[in-house]
Amino acid sequence: MKESKNLRFYDTLTRRKRGFKPLKDGKVGMYVCGPTVYSDPHIGNFRSFIVGDLIRRWLEYRKYEVFYVMNITDIDDKTIRDSGREGVSLREFTDRYTRSFLKGIDLLNIKRATVYPKATENILEMIEFIQELIEKGLAYEASDGVYFDIDKFPGYGKLSRIELSAVKPTERVSSDEYGKESPNDFALWKAASDEELERGIFYDSPWGKGRPGWHIECSVMSKKYLGDTIDIHAGGEDLIFPHHENEIAQSEGLTGKTFVRFWMHIGYLMINGRKMSKSLGNYISFDEVLSKYTPNEFRYFYLSTHYRKQIDYTEEAMANAKNASKKLSNTIDLAEEAFKSGLERLEYGKREEEFLNGILGLKSDFEDAMDDDLDTPRALNTLHQMSKLINEYLSKPVNKGVLSEAYEIYRSLLGALGLFEKRTSFEGGLFEELIKVIIETREKLRSEKNYALSDKIRELLSKIGVILSDKPDGTSWTIERR
RNA sequence: GCCGGGUUGGCUGAGAGGUUUAGGCGGCUGCCUGCAGAGCAGCUUUAUGGGGGUUCGAAUCCCUCACCCGGCUCCA
């Protein structure tokens with residue numbers, strides 16, 4: 001586990017995979033566009049967060065120190081609109097959905113970002129940033145706010161490769177011009193509306209009372225925590241245009257430096273062949289998924305498709321993920337049972353040597369796959385092969401030292417994907433004693449061939465998540481992983 | 001209209017000119033088991049959207065057609 005020379009990521013700007021090396025040796029600054037907290041996040045949103053987590057974990061596996069920033073957009077049209085409809089303060093409203101977002105993050109075993117800056121807590125910095133853009137002649141004040149003048153930024157469109165002259169104007173654009181000089185100019189600062197004034201949702205600025213536009217927060221907060229140039233900026237593919245395009249215009253316009261070294265974009269989550277989105281109303285809530293599947297099964301589902309590809313949520317795909325992930329976790333249980341077992345061999349023979357070589361080879365395959373733009377489908381493949389190797393080795397008495405080495409590798413690779421880290425541990429204590437009593441009692445029943453009752457006990461325990469396995473040398477138990 | 005991405009066996013999903021039956025799921029058989037589960041062994045006989053072309057040889061390169069998905073200022 002050290003820095004890889006072969007680590008490469010696909011960069012949207014250059015449209016190709018490039019070798020990754022951070023600006024500062026050993027340290028990576030990364031920024032992922034976070035949620036707008038106006039409702040409970042749906043499982044499509046979480047794809048981005050899981051992939052962000054994946055990038056971060058892999059960099060850490062490769063021994064980089066990662067400073068991870070994810071913004072929380074807590075002031076925008078929708079948060080203002082919906083809190084108003086509900087008749088609660090903006091703050092109360094966004095706090096609620098911020099908590100909901102963080103709850104999902106924890107449930108899915110997504111490692112917390114280093115910092116989650118909120119838009120409303122960085123208003124002063126935004127005002128300064130906008131002021132500088134105006135001074136540089138890149139932005140102008142209009143009757144209803146401040147706009148960025150995209151004609152003044154020659155590189156505009158380089159990320160999305162969009163040619164604005166060819167863009168078919170939509171109704172939205174034409175009906176939404178207000179004080180803009182050009183339809184594609186975007187708002188940096190929006191003058192407060194009557195409703196906003198009434199509800200006290202505004203900030204004082206050199207341009208009167210108002211609030212920031214959406215795009216400015218990312219430029220400002222990433223600069224604040226990560227500096228002018230950041231290594232990685234990731235987000236859903238729907239953000240390429242205009243959000244990220246605008247961020248580039250703002251940041252590079254201001255500093256004259258490269259804003260982002262690697263733009264990484266995440267494919268949509270589809271549902272039955274259609275993009276899942278709140279506005280289409282075809283989304284599945286987070287709670288609904290977690291009532292049917294465990295976080296690990298859900299994560300496995302995400303991992304089974306490469307992050308840049310669109311992934312289709314179907315019951316079939318989920319069943320697939322459920323079974324396949326179970327297979328991987330079974331190996332953990334089998335190995336742990338073997339550690340407890342009295343059967344063992346102490347010698348290091350050909351079987352051990354071949355076994356370990358196989359494991360090491362697969363570990364290297366896994367690393368190659370992940371280094372290649374986080375190819376998780378391929379990485380999972382090597383994990384399945386490794387699982388099989390370990391299971392095979394376990395089918396005969398094992399050398400526990402050798403097993404331990406393989407086990408550690410297997411767990412560390414699973415951990416790099418965020419799989420099966422949270423294990424319900426009931427080892428020791430009263431719980432374990434209780435299970436032992438039950439197993440012994442049941443053993444007695446079985447020796448008396450009272451299978452009806454012993455099967456009933458097994459069935460009832462399985463309903464509460466305690467799985468008994470009868471084997472020739474006794475009965476073992478595990479807790480079903482949630 | 002303009003710009004991207006995709007089309008591989010029942011499902012999922014690799015491969016990226018000449019090993020691969022990729023792997024997984026599902027299904028089936030055998031072993032093990034009182035049974036179940038898990039596991040092991042094996043089978044499910046090489047599928048690559050259509051049509052051209054390049055090549056000794058293409059799922060992999062080129063052309064073309066078809067279909068699907070997405071973006072074009074709500075959006076992860």
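- The aromatic rings of H233(A) and H244(A) stand perpendicular to each other, their planes meeting at an angle above 60°, with 30° marking the opposite boundary.
- Under the side chain to side chain donor-acceptor pair (under 3.5 Å) criterion, D238(A) pairs with no residue at all, not counting sequence neighbours.
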Dot-bracket for RNA chain B, please. Rules: Watson-Crick or G-U, both distances under 3.5 Å, ( ) within the strand, [ ] when a pair crosses earlier ones, | for another strand, . otherwise. (((((((..(((.....[....)))((((((.......))))))....(((((..]....))))))))))))....
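- Only K388(A), N391(A), E392(A), listed by number, bring a heavy atom of residues 386-393 of chain A to less than 4.0 angstrom from any atom of RNA chain B.
- Each salt bridge (Lys or Arg N to Asp or Glu O under 4.0 Å) pair with one or both residues in residues 379-392 of chain A, not counting sequence neighbours, would appear here, but there are none.
- Nearer to the 5' terminus of RNA chain B, by closest-nucleotide assignment, is the contact made by N323(A) (compared with the other of N323(A) and R47(A)).
- A side-chain contact (heavy atoms from CB on, under 4.5 Å) with N399(A) is found for one member of E352(A), R351(A), E344(A) and no other, namely E352(A).
- Figure legend: R411(A) and F420(A) shown without cation-pi pairing, the cationic atom not lying both under 6.0 angstrom from the six-membered ring centre and within 45 degrees of its axis.
- The list of salt bridge (Lys or Arg N to Asp or Glu O under 4.0 Å) pairs with a residue in residues 459-469 of chain A, not counting sequence neighbours, reads E459(A)-K463(A).
- The CG-P distance, from D82(A) to rC75(B), rounds to 14 Å in whole Å.
- Across rU21(B) and rU46(B), the matching C1' atoms stand 6 Å from one another, rounded to whole Å.
- Between rG23(B) and rA47(B), the two C1' atoms lie 15 Å apart (nearest whole Å).
- Regarding H244(A), its NE2 atom lies at a distance of 11 Å from the P atom of rA76(B), rounded to whole Å.
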Which pairs would a plain distance check flag for residues 310-317 of chain A, meaning a side-chain donor or acceptor within less than 3.5 Å of a matching protein atom at least two apart in sequence or in another chain?
| unit_1 | atom_1 | unit_2 | atom_2 | d |
| --- | --- | --- | --- | --- |
| D312(A) | OD1 | N272(A) | N | 2.9 |
| D312(A) | OD1 | G273(A) | N | 2.9 |
| D312(A) | OD2 | G273(A) | N | 3.2 |
| T314(A) | OG1 | A317(A) | N | 3.0 |
| E315(A) | OE1 | Y293(A) | OH | 2.7 |
| E315(A) | OE2 | K292(A) | NZ | 3.4 |

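- For K350(A), the salt bridge (charged side-chain N to carboxylate O under 4.0 Å, His left out) partners are E354(A), not counting sequence neighbours.
- Closest to the side chain of M270(A), out of rC69(B), rG4(B), rC75(B), is rC69(B).
- Contacts of G235(A) with the nucleic acid, taken as non-hydrogen atoms under 4.0 Å apart, involve only primed sugar atoms and P, OP1 or OP2.
- Formation of a donor-acceptor pair under 3.5 Å by the R299(A) side chain with backbone atoms of L108(A) is found in this model.
- Closest approach to the R378(A) side chain among rC69(B), rC75(B), rG15(B) is made by rG15(B) (side chain taken as heavy atoms from C-beta onward).
- The nucleotide whose nearest atom lies closest to any side-chain atom of R274(A) is, among rG23(B), rG39(B), rG70(B), rG70(B).
- A gap of 13 Å separates the C1' atoms of rG13(B) and rU48(B), to the nearest Å.
- L239(A) comes within contact range of the sugar-phosphate backbone alone, with a heavy-atom separation under 4.0 Å but no base atom that close.
- Residue Y283(A) places its OH atom among 12 or fewer non-hydrogen atoms of other residues, nucleotides or ligands, all under 6.0 Å distant.
- With both ends at atom P, the span from rC61(B) to rU7(B) equals 11 Å, rounded to whole Å.
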Set out, line by line, the N/O atom pairs under 3.5 Å between protein and nucleotides 9-12 of chain B.
| unit_1 | atom_1 | unit_2 | atom_2 | d |
| --- | --- | --- | --- | --- |
| rC11(B) | O2 | N320(A) | ND2 | 3.2 |

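- Using bins of under 30°, 30° to 60° and over 60° for the plane-to-plane angle, the ring pair F46(A)/F101(A) lands in the parallel bin.
- Taking R57(A) as the reference, D53(A), E421(A) meet the side chain to side chain donor-acceptor pair (under 3.5 Å) condition, with sequence neighbours excluded.
- For the P atoms, the distance from rU64(B) to rG17(B) is 22 Å, rounded to whole Å.
- Taking atom P in both rA38(B) and rU29(B), one finds a spacing of 15 Å when rounded to whole Å.
- For the pair N246(A) CG and rC75(B) P, the computed distance is 11 Å after rounding to whole Å.
- Side-chain contact between N71(A) and C33(A): present, with at least one pair of heavy atoms (C-beta onward) separated by less than 4.5 Å.
- Only the C1' atoms considered, rU44(B) is 37 Å distant from rC62(B), to the nearest whole Å.
- In this entry the distance linking CG of N71(A) with P of rA76(B) reads 10 Å, nearest Å.
- With rounding to whole Å, E245(A) atom CD is found 15 Å from rC75(B) atom P.
- Listed by chain and residue number, nothing satisfies the side chain to side chain donor-acceptor pair (under 3.5 Å) test with Y302(A) (two or more places apart in sequence, or in another chain).
- Put simply, the side chain of N330(A) and the base of rA38(B) share no donor and acceptor less than 3.5 Å apart.
- Following rounding to the nearest Å, Y307(A) (OH) and rG13(B) (P) show an atom-to-atom distance of 17 Å.
- Among the atoms of the strands shown, only primed sugar atoms or phosphate atoms (P, OP1, OP2) are found under 4.0 Å from some heavy atom of D375(A).
- With Y10(A) as the aromatic partner, K17(A) does not meet the cation-pi criteria of under 6.0 angstrom to the ring centre and within 45 degrees of the ring axis.
- A straight line from CD of Q250(A) to C1' of rU73(B) spans 13 Å, rounded to a whole angstrom.
- Comparing K78(A) and S395(A) along RNA chain B, the residue whose closest nucleotide (by nearest heavy atom) sits nearer the 5' end is S395(A).
- Of the candidates rG13(B), rG70(B), rA76(B), rA76(B) carries the atom nearest the M276(A) side chain, counting heavy atoms from C-beta on.
- Rounded to an integer number of Å, the gap from CD of E297(A) to C1' of rC25(B) is 13 Å.
- Contact annotation for I240(A): no contact, since no heavy-atom pair falls under 4.0 Å across all strands.
- rA22(B) and rU12(B) are spaced 13 Å apart, taking the C1' atom of each and rounding to whole Å.
- The stretch residues 369-400 of chain A participates, sequence neighbours left out, in these ring-ring contact (aromatic ring centres under 6.0 Å, His included) pairs: F355(A)-Y393(A).
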Reading nucleotides 31-37 of chain B 5' to 3', which nucleotides get B (base under 4.0 Å from a protein heavy atom), which S (sugar-phosphate only), which -? ---BBBB
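- Between K327(A) and the phosphate of rC25(B), there is a side-chain N or O to OP1/OP2 separation shorter than 4.0 Å.
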